[in-house]
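What follows is a single structure, written as structure tokens, with notes after it.
Residue numbers start from 1 in every chain, and the chains themselves are labelled A, B, ... in the order their sequence lines are given, proteins ahead of strands. Reckoned from all heavy atoms, side chains included, excluding hydrogens, waters and symmetry mates.
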Protein chains: 2
Amino acid sequence: MEVNKEIKIFIVDDHKMFLDGITVILNNISGLIILGVAENGKEALKLIPNLKPDILITDIDMPIIDGIELTNQLRLSYPNLKILAVSSHNNSTTISKAIKAGINGYILKNTGKVELLKAINTIFNGENYFTKEVKQLINDSIFNNKEAKKNKVKLSDREKEVLYLIAHEKSTKEIAEKLYVSINTVETHRKNLMRKVGTKNMVGLVKYAIQQGLI
Amino acid sequence: MEVNKEIKIFIVDDHKMFLDGITVILNNISGLIILGVAENGKEALKLIPNLKPDILITDIDMPIIDGIELTNQLRLSYPNLKILAVSSHNNSTTISKAIKAGINGYILKNTGKVELLKAINTIFNGENYFTKEVKQLINDSIFNNKEAKKNKVKLSDREKEVLYLIAHEKSTKEIAEKLYVSINTVETHRKNLMRKVGTKNMVGLVKYAIQQGLI
DNA sequence: ACTCATGTCACGGAAAACCGTGATTAATAA
DNA sequence: TTATTAATCACGGTTTTCCGTGACATGAGT
């Protein structure tokens, strides 16, 4: 088992215990290299230009320069730097700001090591990683539009069944036959689905179904 | 940073060097526990019932009882056991058999540690994990149907544009207005899209668009 | 020179989706 | 008890999608 790439990491946190803990954890994982650490944003800004890490793991709540301000200052100069925010609490305003600043991931301090590794791997591979709770908040508060409404509606079992079949490219007629009900009934379900989901056609329904993981 | 869960792992490989290597690597990662190892399938079948691992990492090519046979024998008795196949070569027949046997993941021996960890985390969380090359093979050979064709077709720029708008819930009329062409033209594009993608309606197009990351 | 893909447009008909409105039954929640 | 929901069905009308078929111009590649 060869190592293809080593991920160079820089960590910023004003809590020394946390800093030490995460450093030990990540140091014991080959494939990862801790290039350096800092206890505040100012120090981080000095060190990062020379060290050129792949990933910056930063606390959000820090004195003077917090994680968001740090991200803002780094984002333009280092567009390829992946920034993983680690925070002890999750309020939507902070998360919203962090996302706007351009972080690539956001996890909570009470999440396990397994998820930390997953987050690191994910953002290193160019994707964003947000922990489950944060995803929920994003849906609930930032996307305060159609999306939010989409996620609030409750579909009945029958409606889910119909939606599932729609998303599997079945026509109304086919669905009616499959469920042993009339075409009119299926059309009513479809209408109700569109009303609940907030869309005007099948395309919206399919997108919703995929987004919700119903297919 | 607390550890939520520890992942219990059992490893089978007839190459002792590989076995030692992977054991050392994984032992250095907290969150993972190597419960035991075996150099052949028979030995593994003896040890696994007592050790009850979460994840079995097994080589595919082994004498007497190979990884696929091992999977077949374990799958029924231990439905919750996650099995990660590790193989040095990737031919579609083997992969096909492995998937039918019920493995949860398939990676290659030349992949890095980072991906190994990703695979372990992924299958531990109940999802399947297949390395990129394997995914490609799956698409090319096993799903020798619509899916394969879907991934082979080339859409023209204009078609992609139309597909993008379709997936954004625009009607033919709206698309025609937006692109300054006639409705007939948009319908032709849509027809060609459906022909190329291999579907009979908008639902299939949207699913394709999402799958291809066009929206 | 010829073929092929692309992009444009047209026509007609069948099928399906879309929309509004209303109704019945059963079960459940307030 | 009353109100709400889920699930069922109906009807009529409009709009859109779906399908086949054909045509023309352009440009790139063989």
Side-chain angles (χ1 to χ4, degrees), chain A residues 146-215, chain B residues 145-212 214-215:
Chain A
K146 277 184 202 166
E147 306 303 320
K149 285 164 204 156
K150 279 185 188 176
N151 293 323
K152 271 173 201 159
V153 297
K154 277 185 187 169
L155 305 185
S156 71
D157 289 347
R158 200 55 158 174
E159 285 164 350
K160 282 180 194 164
E161 211 172 351
V162 171
L163 178 53
Y164 177 91
L165 292 168
I166 286 173
H168 278 78
E169 301 171 42
K170 306 294 180 197
S171 70
T172 300
K173 197 179 164 190
E174 289 169 329
I175 295 170
E177 282 163 8
K178 186 140 198 160
L179 300 183
Y180 302 108
V181 296
S182 85
I183 288 177
N184 294 312
T185 302
V186 178
E187 291 208 320
T188 301
H189 285 311
R190 199 185 54 217
K191 271 183 285 188
N192 288 332
L193 278 166
M194 291 195 292
R195 180 177 47 75
K196 286 186 176 180
V197 169
T199 187
K200 65 185 210 302
N201 55 32
M202 314 274 275
V203 173
L205 288 183
V206 174
K207 284 164 71 181
Y208 177 84
I210 291 173
Q211 184 198 326
Q212 298 295 107
L214 294 177
I215 60 168
Chain B
N145 49 23
K146 280 183 200 167
E147 305 303 321
K149 283 166 204 154
K150 277 185 190 177
N151 293 322
K152 271 175 200 161
V153 297
K154 277 183 188 171
L155 306 185
S156 71
D157 289 347
R158 201 56 157 172
E159 284 165 350
K160 281 181 192 164
E161 210 172 354
V162 171
L163 178 53
Y164 177 90
L165 293 168
I166 287 173
H168 277 78
E169 300 172 41
K170 307 294 179 198
S171 69
T172 300
K173 196 180 166 190
E174 289 169 329
I175 295 170
E177 282 162 8
K178 185 139 197 160
L179 300 182
Y180 303 108
V181 296
S182 85
I183 289 178
N184 294 312
T185 302
V186 177
E187 292 208 319
T188 300
H189 285 312
R190 200 186 52 221
K191 271 183 287 188
N192 288 332
L193 278 166
M194 290 195 292
R195 181 177 47 76
K196 285 186 177 181
V197 169
T199 186
K200 68 186 208 301
N201 55 31
M202 314 275 273
V203 172
L205 288 183
V206 175
K207 285 164 71 182
Y208 177 84
I210 292 173
Q211 183 199 324
Q212 298 295 109
L214 294 178
I215 58 167

Nearest 0.5 Å, what's the CG-CG distance between Leu165(A) and Leu179(A)?
5.5 Å

Distance-only, no hydrogens or angles: does the Thr185(A) side chain make a donor-acceptor pair with backbone N or O of Val181(A) under 3.5 Å?
no

Verdict with supporting geometry, Lys207(B) and Glu169(A), side chain to side chain contact (heavy atoms under 4.5 Å, CB included)
CA-CA 10 Å; Lys207(B) 285 164 71 182; Glu169(A) 301 171 42; 3.4 Å; yes

So which heavy atom on Ile166(B) is nearest to which on Ile175(B), and how close?
CG1-CD1, 3.7 Å

Distance col, row Ile183(B):CD1 vs Glu174(B):CD, nearest 0.5 angstrom, shows 10.5 Å

What pairs of nitrogen or oxygen atoms, one from the protein and one from nucleotides 3-6 of chain D, lie under 3.5 Å apart?
unit_1: dA6(D); atom_1: OP2; unit_2: Lys196(A); atom_2: NZ; d: 3.1

CG of Leu163(A) to NZ of Lys196(A), rounded to nearest 0.5 Å, is 11.0 Å

Rounded at 0.5 Å granularity, tell me how far NZ in Lys200(A) sits from CE in Met194(A).
10.5 Å

Distance under 4.0 Å to a non-hydrogen atom of chain A counts as contact; along DNA chain C, which nucleotides mark the start and end?
dA17(C) to dT21(C)

Flag the pair Met202(B) / Arg190(B) as yes when at least one side-chain heavy-atom distance between them is below 4.5 Å, and no otherwise.
yes

With the sugar-phosphate defined as primed atoms, P, OP1 and OP2, and the base as all remaining atoms, what B/S/- string results for nucleotides 13-21 of chain D, 5' to 3', for protein heavy atoms under 4.0 Å?
----BBBBB

With a 4.0 Å cutoff (strictly under), does any side-chain N or O of Thr185(A) reach OP1 or OP2 of dC9(D)?
yes

About how many Å separate CZ of Arg195(A) and NZ of Lys191(A), when rounded to the nearest 0.5 Å?
10.5 Å

As an exercise, state the distance from CD of Glu187(B) to OG of Ser182(B), rounded to the nearest 0.5 Å.
8.5 Å

